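Here the structure comes first, spelled out in structure tokens, and everything after it is commentary.
Throughout, a chain's letter reflects where its sequence line sits, starting with A, and its residues are numbered from 1. Since the model is a prediction, treat every value here as computed from it, not as a measurement.
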Amino acid sequence: MQLELTEEQLDTLIGDVQSLYGYDFGDYARASLHRRIARLMTVDRFVSFAELRYKINSDKDYLARFIDMVSVNVTEMFRDPAFYRALRSQVFPVLATYPLIRIWHAGCASGEEVYSMAIMLKESKLLDRSIIYATDINPTALGVARAGIYPLSQMQKYSENYMAAGGSEEFSGYYTAQYDMAKIDGALSKRIVYSTHNLATDSSFNEFQLIICRNVLIYFNQVLQDRVFRLFDDSLEGLGFIGLGSKESLRFSTVAESYHQINAKEKIWRKGRK
Amino acid sequence: MAQGEKIETRQRIVLIGGSAGSLAVLLVVLPLLPRDLAAPVILVTHRHSGSDVLLESLLSARASLPVRDIEEKEMPQPGVIYIAPADYHLLFEPDGSFALDSSEKVNYSRPSIDVTFESAARAYGARAIGILLSGANADGAQGLYDMQQHGGTTIVQDPATAEVDYMPRCALQLFSPAHIARPADMAQLISSEVSKMQAPN
């Protein structure tokens, strides 16, 4: 990084964004947030911290860009295939017993994992009675999710992930190729509702049987992680499931006692004692 | 926050980065590290996702120190070897604890050695020892230079001993490290550099 960004400058910027726009990054994990903002300064060619601060304070249209650059939107379809295999074999049979299945995908970024879920639900003949609420802090990423258009160059990798996740159909049947892009089958979107939701400040909006939140909590400090776990706990039915990223854990949270991990390797917990 | 003051009293830390050809070096160096090494040893190597278990069990079998998985927000413990997980960048919070980040690849790599070294430079300053091994990628050179600029001790594998000398050569083109070392001498060098730093109080 060419420009040094001090901890004090980072605090100043967090304060500005909070007071001007209501986005609270105060309880984000510091090291990663520092990297994101240093990266933003490089990519958008700010010559000084003062210039970035002036832009944030004077150009409200820049906020969307700021949020887009500060949040991490790296994702892929069927990321960690074994996680999806475990969902299909251990969670879906339980979901199948409900007349209406409500799933919350919190921090869905550009939606690749939401479509992965929709594909698996369809193959298990559960999609028609499911609703997936897909939320993210970043409206730009949600726009990509809603459009369901991804680089065609990714599809080879996604197809491999899909098969490793236990998929048995032709993966290419789930998208149409146009030039160098792939448009995900519109039928998969019919049961998906997209909305912005900020885990740092917004509250519970429904009750779910399954909450997916992967590689989001690693960007939060302990205080915010606990807030989010309580939010999830409030939003989860008794005997509901929570699925996290491969390096995330519910173990150290204040709600840990009310959950048990259903699979030794995959990060899936179920509400209620074993 | 009074970060400058805290770093003086912080735990010491050893970071080793490498890519192609680095495993053979690790298998020489890690078994020779003293059991009472007063710093954690963090390994950042390029490999494919899903190969974590293999590398860990191989190193566990040979290393003199225990090899452990990294848990996010955990404080690295002295005398323990940690392996950066595949598909995440490894960072350090201002208090020195581990942080993971699944953002864009850097130098076509995740974990990127540059990312971890740069973060260690900020969090550990002069309390960090960085070592760059064999590799076919420029990743790590800039980060090691950052560590040196923040007062850290830098060691580059002697390119003449590297299976792939591109990575150490990139570092040597950028700056002069404190040491250029052969694999056979590295364990002793790490141990003496750790001892030179004052123990945390």
Original post:
Relative to chain A, which of B:Ile70, B:Asp114, B:Val115, B:Asp101 shows the most heavy atom pairs under 4.5 Å?
Top reply: B:Asp101
Original post:
When you check the gap from the basic side-chain N to the acidic O, do A:Asp44 and A:Lys55 get nearer than 4.0 Å?
Top reply: no
Original post:
Where does the angle between the aromatic ring planes of A:Phe25 and A:Tyr23 fall among parallel (under 30°), tilted (30 to 60°) and perpendicular (over 60°)?
Top reply: parallel
Original post:
Does a salt bridge link A:Glu160 with A:Lys157, judged by any charged N lying under 4.0 Å from a carboxylate O?
Top reply: no
Original post:
Between A:Glu4 and B:Arg122, does at least one N-O distance fall below 4.0 Å, as a salt bridge requires?
Top reply: yes
Subject >> Contacting moiety of A:Arg79, where chain B heavy atoms sit under 4.5 Å >> reply: side chain
Subject >> Residue A:Ser246 versus chain B: region with a heavy atom under 4.5 Å >> reply: both
**OP:** Go through the atoms of A:Gln225 and report whether side chain, backbone, both or neither lie under 4.5 Å from a heavy atom of chain B.
**Re:** side chain
